[in-house]
Amino acid sequence: MEQLLVMLGVFVGSLALGYLLISKVPQLLHTPLMSMTNAISAVTLLGGLLIFAGAGSASEYVLGAIALVTASFNVLGGFAITDRMLRFFRKR
Amino acid sequence: MDFLHHWLFDAGIVLLLFVGIGLFRSPRTARSGNWAAAAALALAILIVLLRHEVSFLVAVAAALALGGGLGLLAAVKVTMLQIPAMVAFQHGMGGVAAFLISSVELWRGSQHGLSALGEVSGLAGLAIGAATFSGSIIASGKLIGWMKPQPRLLPRHGVLTVVTIALVVAIAVITSLLTGVGLLICLAATVLISVGLGVVVSIRIGGADMPVLISFLNATAGFAAAFCGVILGSHLLVACGATVAASGSILTHVMCKAMNRNIFRVFLGFAAGTKANWMLKEPPRDQPQEAQADDGETPPTTPPEAPADPFELALEYCQHAERIIVVPGYGMAVAQAQGQVVTLANHMMDQGKQVSYAIHPVAGRMPGHMNVLLAEADVDYDLLREMDDVNPEFREIDLVLVVGACDVVNPAAISVEGTPISGMPILKAHEAKHVIVCNLDERPGYSGVPNPLYHSPNTVLLLGDAKETLTRLTDSLKAA
């Protein structure tokens, strides 16, 4: 029960704070915003690491490795693309 | 004490992440915001590596290097026109990670006990992750042109969608009751049906509706990550996932509002079939001025000695206009005419004219896409203006230059009832003194509603390749 409340608290708190901050982002930057949040959503990479932190079978590790590949593709690619886009936004 | 440390570190990382998103308020600071968020994620990874004994470090490092390397390669190679396809593909990769991790954790949990909360979130992460994966791959395929971009409607598509959702829930409930081989089979079945759900939802969406789909997938990728975090017991993952979910939901809402669409109508389409009604009500094409008359503005001011050649007329408008607004649409990006548009605009600015760009929220194939395309073409971001900000000014504008846009400047959205775009907010180009339309042809836009603006006496149509037309226009202006 305590676990449920803590998780719910973290979830709702982040959702609300995220909502407040993101509604202030101008439409001008919505594409880089989505590209960056997409990189953030690949924080599932932590989950991939945690699979390797516990004892498990070979097939579990294989699935974990695939998750690590796709998540790291997202993290590095996402932040790099966002940076590339944001460099275009400048004053002449 | 250790517990407190964990909390403090996690809270610090989330705070850094929020600072990063906060910096996206302005294009001046957004770049540092992106780096702040990247630093937050790097710290999170570091902390997990320090807190836990990760085995097979070489294999882990190899997997990270492979994925990261491919990600960087893609980031360097992708063009700005391909960005929506790339982002959609990345949503899909996030979905894969979420459903793989959830399935491993569910399997492990079944062996040494899992709380009911963990079970439910694991199954949610599994189903949402798998559906996000397939939905994103379809979206990406449509955007890059490997699949037909048109919506594909199956018979009773709305009902099919609902039934598939019910099926996913049912099989997930069964899965939660099983252990051993039965569990494995049901996990695989849940993944498969969820993949089917992603396909069913995304094939029916196409063209100008893509921004809604891509934003929605952004949100589901966030939810999948958050649920994954609950089963792992990681507050950090839950916080990050929820933030992304908030962002995707906001963008979905903005896109739906900008098209006057209801999200349920986009994805379930129960209200489809109204097309026949507005087809009947639509005003005859030979007297489209009637639709315009409602606005009560801008009496036709065609100069009596107007040259018959539309190009000459357009040239004259360009020469005499003092205040100009450019309305770019996706057609401009497809024709790769950004450079020519900017050259013409810059030339007019050099002559002392006032030029800005009006960007409709759904111009392009993802939220804000048009801004990126124009920023890449070296347009000062201060000249890129949002619809609500620029709309009151159209009455005082001498010339609107529409390039590759149709629905977003279609006054039928205001004046004709019952069309798919009725009530959709538009850029009020029709209120300006003159309009030049540089489109490939006169065909209606994605909505299929004919655009009366094309036949207004104030409008000059320059049909054909926008690149050529604009180059010719710029050259003639320079020569004059």
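Numbers restart at 1 for each chain; the letters A, B, ... are given by sequence-line order, proteins then strands.
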Legend entry - B/Glu53 portion near chain A, given a 4.5 angstrom heavy-atom threshold: backbone
Inset, instruction - Just give me the residue among A/Gln27, A/Met36, A/Lys24 that pairs up with chain B most often, heavy atom to heavy atom, under 4.5 Å. - result: A/Gln27
Legend entry - Structural part of B/Leu41 lying under 4.5 Å from a heavy atom of chain A: side chain
Legend entry - Part of B/Val254 lying under 4.5 Å from any heavy atom of chain A: side chain
Inset, instruction - Heavy-atom pairs under 4.5 Å with chain B are the metric here; pick the option from A/Leu33, A/Ile66, A/Val6, A/Leu45 that has the most. - result: A/Leu33
Inset, instruction - Quick one: closest heavy-atom pair of A/Leu76 and B/Gly68, and the distance? - result: CD1-CA, 3.2 Å
Inset, instruction - Go through the atoms of B/Leu72 and report whether side chain, backbone, both or neither lie under 4.5 Å from a heavy atom of chain A. - result: both
Legend entry - Engaged part of B/Ile45 at the chain A interface, taking heavy atoms whose separation is under 4.5 Å: both
Legend entry - A/Thr31 (side chain) donor-acceptor with B/Pro367 (main chain) under 3.5 angstrom: yes
Inset, instruction - Would you check if A/Met34 and B/His91 make a side-chain contact, meaning some heavy-atom pair closer than 4.5 Å? - result: yes
Inset, instruction - Quick one: which of A/Val75, A/Val12, A/Leu20, A/Leu68 has the most heavy-atom pairs under 4.5 Å with chain B, could you say? - result: A/Leu68
Legend entry - Any residue meeting salt bridge (charged side-chain N to carboxylate O under 4.0 Å, His left out) with A/Glu60, in chain and number order, not counting sequence neighbours: B/Arg108
Inset, instruction - Measure B/Val104 against the heavy atoms of chain A and call it side chain, backbone, both or neither at under 4.5 Å. - result: side chain
Legend entry - Contacting moiety of B/Ala226, where chain A heavy atoms sit under 4.5 Å: side chain
Inset, instruction - Mind ranking B/Ile359, B/Leu57, B/Leu232 by heavy-atom pairs under 4.5 Å with chain A and telling me who comes out on top? - result: B/Leu232
Inset, instruction - Could you check if a side-chain atom of B/Ser115 sits within less than 4.5 angstrom of a side-chain atom of A/Gln3, using non-hydrogen atoms only? - result: yes
Legend entry - Heavy-atom closest contact (B/Ile101 atom, A/Gly48 atom, distance): CD1-N, 3.4 Å
Inset, instruction - State, with a plain yes or no, whether a side-chain heavy atom of A/Phe89 is found less than 4.5 Å away from one of B/Asn371. - result: yes
Legend entry - Within 6.0 Å of CZ in B/Arg51, more than 12 heavy atoms from elsewhere: yes
Inset, instruction - Answer with side chain, backbone, both or neither: which region of B/Met86 has an atom nearer than 4.5 Å to a non-hydrogen atom of chain A? - result: side chain
Inset, instruction - Decide side chain to side chain contact (heavy atoms under 4.5 Å, CB included) for A/Leu15 and B/Thr243; before the verdict, give the C-alpha distance in whole Å, the side-chain angles of both, and the deciding distance to 0.1 Å. - result: CA-CA 5 Å; A/Leu15 205 68; B/Thr243 311; over 6 Å; no
Legend entry - Considering all heavy atoms, the nearest B/Ala97-A/Thr44 contact: CB-OG1, 3.6 Å
Legend entry - B/Ser55 side chain vs A/Phe52 backbone, donor-acceptor pair below 3.5 Å: yes
Inset, instruction - Kindly give the heavy-atom pair with the smallest separation between A/Val43 and B/Cys240, and that separation in Å. - result: CG1-CB, 3.4 Å
Inset, instruction - Verify the neighbour count for atom OH of A/Tyr19: are there more than 12 heavy atoms of other residues, nucleotides or ligands below 6.0 Å? - result: no
Inset, instruction - Would you mind telling me which of A/Leu63, A/Val25, A/Leu46, A/Leu4 has the largest number of heavy-atom pairs within less than 4.5 Å of chain B? - result: A/Leu46
Inset, instruction - Heavy-atom pairs under 4.5 Å with chain B are the metric here; pick the option from A/Ser72, A/Gly77, A/Gly18 that has the most. - result: A/Ser72
Inset, instruction - Flag the pair B/Leu49 / A/Leu49 as yes when at least one side-chain heavy-atom distance between them is below 4.5 Å, and no otherwise. - result: yes
Inset, instruction - Can you tell which part of B/Phe99 gets under 4.5 Å to a heavy atom of chain A, answering side chain, backbone, both or neither? - result: neither
Inset, instruction - Supply the atom-to-atom distance B/Met93 CE to A/Asn38 CG, rounded to the nearest 0.5 angstrom. - result: 10.5 Å
Inset, instruction - Would you mind reporting whether B/Val238 and A/Ser14 have side-chain heavy atoms less than 4.5 Å apart? - result: no
Inset, instruction - Evaluate the side-chain proximity of B/Phe223 to A/Phe11: yes if any heavy-atom separation is below 4.5 Å, no if none is. - result: yes
Inset, instruction - Answer whether the closest heavy-atom distance between the side chains of B/Phe24 and A/Leu21 falls below 4.5 Å. - result: no
Legend entry - Electrostatic pair B/Asp378:A/Arg90 at N-O distance under 4.0 angstrom: yes
Legend entry - Among the listed options A/Leu86, A/Ile51, A/Thr82, the residue most often paired with chain B at heavy-atom distances under 4.5 Å: A/Ile51
Inset, instruction - Tell me, for B/Leu217 versus chain A, whether the close heavy atoms (under 4.5 Å) come from the side chain, the backbone, both or neither. - result: neither
Inset, instruction - Against chain A, label B/Leu237 side chain, backbone, both or neither, depending on which of its atoms sit under 4.5 Å from a heavy atom there. - result: both
Inset, instruction - Give, as side chain, backbone, both or neither, the part of B/Val48 having an atom under 4.5 angstrom from any heavy atom of chain A. - result: side chain
Inset, instruction - Would you confirm whether A/Arg84, through its side chain, and B/Val78, through its main-chain N or O, come within 3.5 Å as a donor-acceptor pair? - result: yes
Legend entry - Where B/Gln90 and A/Gly78 come nearest, the two heavy atoms and their spacing: NE2-N, 3.4 Å
Inset, instruction - Nearest 0.5 Å please: distance from the OH atom of B/Tyr381 over to the CZ atom of A/Phe88. - result: 15.5 Å
Legend entry - Under 3.5 Å: donor-acceptor pair, side chain of B/Arg25, backbone of A/Pro26: no
Legend entry - Any pair counted as ring-ring contact (aromatic ring centres under 6.0 Å, His included), so long as it reaches residues 23-50 of chain A, sequence neighbours left out: none
Legend entry - Closest non-hydrogen atom pair between B/Val244 and A/Thr37, with its separation: CG2-O, 3.2 Å
Inset, instruction - With the side chain counted from C-beta on, respond yes when B/Ile83 and A/Ser35 share a heavy-atom pair under 4.5 Å apart, and no when they do not. - result: no
Inset, instruction - Could you tell me which portion of B/Asn34 (side chain, backbone, both or neither) has an atom closer than 4.5 angstrom to a non-hydrogen atom of chain A? - result: both
Inset, instruction - Heavy-atom distances under 4.5 Å only: say whether B/Leu64 touches chain A with side chain, backbone, both or neither. - result: both
Inset, instruction - Output the distance between atom CD (A/Glu2) and atom CG (B/Leu117), rounded to the nearest 0.5 Å. - result: 12.5 Å
Legend entry - Separation of A/Ile40 CD1 from B/Ser247 OG (nearest 0.5 Å): 8.0 Å
